[in-house]
Amino acid sequence: MTKQELLSKTYEPNKFEAAIYELWEHGGVFNTLKGHLAGDDASAGPATCKSSNNNHFSILMPPLNANGNMHIGHSLSISLQDILCRHHRAQGTPTSYIPGLDHAGLETWVVFEKKLNEKGQSRFDFDRNTLYQKTWDFVEENKNNIQLQLRASGAGADWGNQFYTLDDNIRAQIYATFKQMWQDGLIYRGERIVNYSTKFQTGYADIEVDYKEEKGFLWDIIYDIKGSDEKIVVSTTRPETMLGDTAIAVNPSDQRYSHLVGQTAILPLLNREIPIVADDYVDAVYGTGAVKITPAHDPNDFEVGNRHNLPRITVIGFDGLMTAEAGQYAGLTVEKARNEVLKSLDKIGKLGEKKKIVHTVGYDYKSGLPIQPLLKEQWFIDMKPLAKKAIAAIKAKKIRFYPESRANVLISYLENLRDWNLSRQIPWGIPIPAFQNTSDPTDWIFDDRTDLTEIVADGKTYRRDEDVFDTWFSSGQLPLSVMPDGFTPISVMETGGDILFPWVSRMIMLSLYVKNQVPFTDVYLHGLVLDQHGAKMSKSKGNVINPMEVIEQYGSDALRMGLVVSRSAGQSQAFGLDKVISGRNLCNKLWNIAKFTSGILGEDYLRYTGFATNQNRGAGEISLNEPVENWIVARALTVKLRIDKLIADYRFAEAAEMLYGFIWGDVADWFIEAEKVYQNRDLLAWVLQFTLKLAHPFLPFVTEAIWQTLPFTTTILAAETWNDADFVSAKSAINELATGEFEQLKTFVSSSRELLANLPKAKYKLLYGNDNLIKSNSDLIKNLLKLESIATSDVGGELPIVVAGREAWLDVPKKVKQDYFANLRTKLEAAKSEIAALERRLLNPNYTEKAPAELVAETEATLKEKQQIVAKLQAELSQ
RNA sequence: GGAUCUUUAGCUCAGUUGGCUAGAGCGUACGAUUCACAUUCGUAAGGUCGAUGGUUCGAGCCCAUCAAGAUCCACCA
């Protein structure tokens, strides 16, 4: 089969996309080492565009869940990253796009545990090591799936350097960091109130708690004062926790209660004696001004308890049930205990008012159940020093943010950051390298031999902490462990705006801490991909779009185009299939441009050698003979420079739209149409290869597929770099005058079409006077207007076409002429009022004095032009 | 309680330091059509740029206030 025959009649992406990806991968196009080797094409290539830091460009792919599937948000993310990488690669910049998969701690664990449960097994049937192995195997089985999806998305990633967040080098880095922090005194173990998921039996980070505002009740509970008839009333939203009360607190300056401070209150139901203390934490004007203190179940009460040396009584267990401390309520769920406590209180007359209120309640973001604040020993990082460095770096603009406003949002987050709970009580993750002395619970040592559960040091036996690290602690260090030499800091961190806090902030802090270097210089955040009505996609709503299905139906390029257009940094935006279809149509257009061009070139066409200058034309050189030919080359060069600039500014949507307009509006509608007349083979070949190169980052598959079929190409498009010499010779070959002439021709043709648009059949003649432009382009005009004939005429014809400087008429029926004149009069009026406005502006001394001189000159020129048009219109009308 | 973002054509959105008549795609209307493409071609209609003030020679863009919507952060019982 010849190359040309490969260019099938219709554009059917799913017939070639997989093969194209294989071609790239086999060709080593995405291999990061390319460009480092002496004499390699990439390093020898010219760079038309500015290069990134150290003349290297790098992107770290935010790791996808190894056990998951891509969703449409991933597709957007991958598209943007891949556009950047392919663009920079084509500039000749050594480029590294490092792909990776995430073990995704809790996310994966939840899926695996569900599977276990389905088999009638539970996590309690196995020890943590066994569970870890089982989960590992489960993930290994599914890893391949997501990698296939990434390839289907066109991600031009360096698979030879791919990472998995459980890799040895990644673990080693994490342990090294943990050790350094341990030695610096930033790591501490403490009993604190943690956000606990009773469903998954693990603590969460603050950021993993999903707060929801909801309606609830505020109950008053009446406490007796010991040795007095007085009562004290407290309000609470969680009556069941009163079983764990160890004090009542009031504001020290609250006159109402000052005489009670130091006295003892009797806890109803349990008849426990608890002190009344004074603490600034209490807001005297809220509720009754007296607060029950439950140090084991509320972070604020915990603090109050510390200040007043109060005991901590745990009444809710890690299983979410009431503990033995809860007396008769032991074993009940929190909800049942609440009802029972309320009933009991009511029975003994200790329940006061019940008020409706709106308050925020923390929920488990995975299970949707309420988060229990529970007392637990965990590992914490003191975040203050880390945050401080990060804030300084951001303020010093060492990292640029797109959109810019996110920098300030991040700073205020960092300023209020609390200590980070690192411990997770799940089997799936990286074990914490800390061991506890079996005979002294306060004696903890660091040791990275986490494959052992027990070690002996200094003659003492230590047992490993069973917990694993929070996933963000490990993914927050990826820039430190996975980037190839020479590619740090990472050029662009492209990721979703929703993980600015959990991930981006941590990478910045940890990289600054460990290496005293920012992990990346630019952060580009994309928004959510919403459904076509602007609603969040979610499984429960059933409005989720599976990107693989879209790719199957419309092609990977179409999906990429559909996602990228109409989207600016950080903005969540609706996604509709109409945009994908429009992308598919563009691919189809490109396909047909290629088919037309190939048809004219023939199978034996060999590559041109460059542009001819003036008359000195050598064999295979491109000559620009016609106005349209000069115009399209000039246009191509301009568009390329503009797209380069737009990509450098991360204005992807505008770049994509510019490309769309170039392919469809300039190349197809004007150039190709014109070449049906001229058939300049060399130029057709040049324009096609240029367009394919330009479009490649946005439409990698279709451009490569076409490239592979061209008779004059033997290379891989994805590995092609822009050639400066070609650019220069193209530029020097352009005749500016001819370019301008084609602009005039375009206007002339458009105006004529407007006249002809609504005529039943275009069987008319175009007559023209002494006009060289029309004369020398008569064939083209006749073709573009689909006219029957075109001829010179000394006398004015029926219907004048009014375009500045042109003399031409259409031979049409009287009726058409009359309508046209009516139209002309409206235009005349419009032009006149524009002139009036321009004159007014020029008469305004404030304008002429204060506005820039060029602008004033431009206004004057416009005025003259308009005046000419009016004169002409008036002349035509008077005929 | 604090903060951020959004509001431009019927729909989804662009509009880069303020500068001529505010753009695109889709949709709509009218017309065309034997080969590159119906996944097509041509033409047109459609906008007081959320509201009100202000700064300026000039505001979709800058400032203030307001309205509507979205999101994030925060331990108020």
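Just so it is clear, the structure is predicted and the values come from calculations on it, not from any experiment. Throughout, a chain's letter reflects where its sequence line sits, starting with A, and its residues are numbered from 1. Scope of the values below: all heavy atoms of this structure, side chains included, with no hydrogens, waters or symmetry mates.
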Remember a base hit wins even if backbone is also touched, and classify A:Q571 as base, sugar-phosphate or nothing at under 4.0 Å, heavy atoms. sugar-phosphate
Taking atom C1' in both B:U43 and B:U6, what distance in whole Å separates the two? 35 Å
For the side chain of A:Y660, counting heavy atoms from C-beta on, which of B:G25, B:U12, B:C75 is nearest? B:G25
The side chain of A:K589 lies closest to which of these nucleotides: B:G15, B:C41, B:A44? B:C41
Donor-acceptor pair, side chain of A:D245 and main chain of A:K292, under 3.5 angstrom: no
Under the criterion side-chain hydrogen bond (donor to acceptor under 3.5 Å, both in side chains), which of A:N306, A:T246, A:D301, A:T294 is the partner of A:R312? A:N306
Side chain of A:N300, heavy atoms from C-beta onward: which of B:C75, B:U16, B:U43 has the nearest atom to it? B:C75
Using the P atoms only, state how far B:A29 lies from B:G46, rounded to an integer number of Å. 16 Å
Partner nucleotide of B:G47 by Watson-Crick or wobble geometry (both distances under 3.5 Å): none
So A:Q573, base contact, sugar-phosphate only, or nothing? Heavy-atom distance under 4.0 Å. sugar-phosphate
Using a 4.0 Å heavy-atom cut-off, does A:D298 contact any base of the nucleic acid, only the sugar-phosphate backbone, or nothing at all? nothing
Roughly how many Å apart are B:U55 and B:A14, using the P atom of each and rounding to a whole number? 31 Å
In terms of side-chain heavy atoms of A:Y211, which of B:C75, B:A36, B:C41 is nearest? B:C75
Under a 3.5 Å cut-off for both distances, is B:U4 Watson-Crick or wobble paired, and to whom? B:A70
Give A:T360 one of three labels, base, sugar-phosphate or nothing, depending on what nucleic acid heavy atoms sit under 4.0 Å from its own. base
Of the candidates B:A36, B:C72, B:A44, the side chain of A:E754 sits closest to B:A44
Over all strands shown, is A:A290 touching base, sugar-phosphate only, or nothing at heavy-atom distances under 4.0 angstrom? nothing
Side chain of A:A574 - closest among B:C37, B:U43, B:C13: B:C13
